[in-house]
Amino acid sequence: MWLDQPRNPKAPLAGLKVIELARVLAGPFCGQILADLGADVIKVESPEGDGTRAWGPPWIVRTDASGKVHREAAYYHACNRGKRAIIADFENEQDLARVKALCAGADVLIENFKTGSLARFGLDYPALAAANPGLVYCAITGFGQTGPRAHEAGYDFVIQGMSGFMSLTGEPDGQPVKMGISISDLATGVWAATAIQAALLMRARTGRGQQVDMSLLDCSVGLLANQASYYFATGQNPPRMGNAHAQVAPYGVYPVRDGHVILAPANDRLFARLMALLGLAELAQDPRFATNADRTANASALDAAIAAATAGWDKAALLDACHEAGIPAGPINRLDEVFADPQVIARAMRVELGGVPGVRSPFTFSEGQLALDRPSPFHGEDG
């Protein structure tokens, strides 16, 4: 099954052999990152297939080499580009033997089954490492391999709540809000890809692989960063701030005639420039707004004055003026505007393979290249 030649010899992970026993989002997203970086990733699916193939609408309709028409959910294509796909029923001895043989020749295995559930098939880390000591085995679960919740399933929405994300997101007097993307799943995929490559570097020193234990909850808590530091330093829970910033003002979303803009003048010099641009130069001399600490303490009054001024501008004119003055500012784009943005176009973030559009992994190398050579596989395309 393995490719005789790397997909793209200039890709950073060219020649790396990966087995993916994963479905839905976190595991497949990790696999797609490795595939974009040049790894040969074989996605092993049940006879029913990855459930996300049916998570539509919207749908992508494609025709395979035999002329058969397939209707697959766009969701599936968001995290399965660049892979090959085989079908295996772990209850079938021949299929299971085939998967074990693939694992024996692999560098990496990614799985996101519930903790311990692969052991009865001999697809757990101890069993596979006995035959392949160099295997890097990445297990992705909701709560990890240890702890009181280790055997529970994890779901992105639930993890967003448990991790503290939702306590930080939304308006101060409103309901806690989840993010518009599956941030816990996606972040886990990114963290897992990083951990896998670290384990491979360690294998280069020691000659041995290892199990990598990735938890959606761990990975989400790991993103709390400055908000966790706020809690550690004060013993207080950070408040929901909506679009405001707890430590910087002015810093938020402001109205214009044709929508809204983001303004982020994050120091005294930039604040003075913005006030001059908006015809509010006197506010830069107002003692209430003399320093960032003063502005933060009086943010409501300052935001009201800025909003009254920006409301008389057109979005494009205000953004152009801010950019010319060196003031950090930007639009709030819909996705059609994102992918029409000249910067996004120049960075080639949208790719299209086999008629299937997608977003490339955001790596740009001076020497290496991504391996963007095939769309997501059909169910069982490779056997």
Side-chain angles (χ1 to χ4, degrees), residues 58 168-175 177-181 183 186 225-227 238-352 357-360 362 364:
L168 302 169
T169 307
E171 294 299 328
D173 56 353
Q175 189 179 58
V177 176
K178 73 178 180 66
M179 297 190 190
I181 58 173
I183 186 64
L186 294 170
N226 61 297
Q227 296 285 29
R240 290 199 303 278
M241 299 288 295
N243 289 316
H245 194 295
Q247 287 82 36
V248 180
Y251 196 97
V253 175
Y254 299 92
V256 290
R257 288 196 189 104
D258 50 346
H260 294 84
V261 298
I262 295 169
L263 300 177
N267 60 43
D268 294 346
R269 175 176 50 83
L270 293 173
F271 172 65
R273 287 185 191 177
L274 177 63
M275 295 303 96
L277 186 153
L278 294 177
L280 301 173
E282 70 280 2
L283 294 186
Q285 309 304 318
D286 190 315
R288 295 176 298 165
F289 311 128
T291 68
N292 180 68
D294 296 324
R295 294 191 291 274
T296 300
N298 296 285
S300 294
L302 181 56
D303 283 341
I306 293 173
T310 60
W313 288 71
D314 291 330
K315 177 167 61 176
L318 179 55
L319 291 178
D320 285 346
C322 285
H323 294 161
E324 186 172 340
I327 300 164
I332 300 172
N333 287 333
R334 302 182 306 270
L335 293 202
D336 61 329
E337 295 169 313
V338 171
F339 291 104
D341 187 294
Q343 183 65 25
V344 175
I345 293 171
R347 300 291 289 180
M349 287 303 299
R350 174 176 171 149
V351 296
E352 187 158 328
V359 180
R360 73 170 177 88
T364 302

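Heads up: numbering here begins at 1 and tracks the sequence. Values in this document were obtained by computation on a predicted structure and should not be read as measured data.
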What verdict does the side chain to side chain contact (heavy atoms under 4.5 Å, CB included) test give for Ile306 and Leu263, after you've listed the backbone C-alpha separation in whole Å, the side-chain angles of each residue and the deciding distance to 0.1 Å? CA-CA 10 Å; Ile306 293 173; Leu263 300 177; 4.1 Å; yes
Nearest 0.5 Å, please: how far is [atom2] in [Y] from [atom1] in [X]?
| X | Y | atom1 | atom2 | answer |
| --- | --- | --- | --- | --- |
| Ile262 | Leu319 | CD1 | CG | 9.5 Å |
| Arg347 | Thr364 | CZ | OG1 | 4.0 Å |
| Asp336 | Asp341 | CG | CG | 11.5 Å |
| Lys315 | Asp258 | NZ | CG | 5.5 Å |
| His245 | Asn226 | NE2 | CG | 6.5 Å |
| Met179 | Thr169 | CE | OG1 | 4.5 Å |

Side-chain (Asn292) to main-chain (Ala249) donor-acceptor, under 3.5 angstrom: yes
Arg360 side chain vs Ala348 backbone, donor-acceptor pair below 3.5 Å: yes
Side chain to side chain contact (heavy atoms under 4.5 Å, CB included) evaluation trace for Ile327 with Phe271: CA-CA 8 Å; Ile327 300 164; Phe271 172 65; over 6 Å; no
Taking Arg295 first and then Asp286, would you say they form a salt bridge - that is, a charged N and a carboxylate O separated by under 4.0 Å? no
Is it true that the side chains of Asn243 and Tyr251 contain a donor and an acceptor less than 3.5 Å apart? no
Do Asp294 and Thr291 have a side chain donor and acceptor closer than 3.5 Å? yes
Before you tell me yes or no, could you show the steps for Leu318 and Tyr254 under side chain to side chain contact (heavy atoms under 4.5 Å, CB included), namely the whole-Å CA-CA distance, both residues' side-chain angles and the distance that decides it to 0.1 Å? CA-CA 11 Å; Leu318 179 55; Tyr254 299 92; over 6 Å; no
Between Leu280 and Glu282, is the side chain to side chain contact (heavy atoms under 4.5 Å, CB included) condition met? List the steps. CA-CA 5 Å; Leu280 301 173; Glu282 70 280 2; 4.1 Å; yes
Minimum-distance pair of heavy atoms, taken over all atoms of Ala325 and Leu277: CB-CD1, 4.2 Å
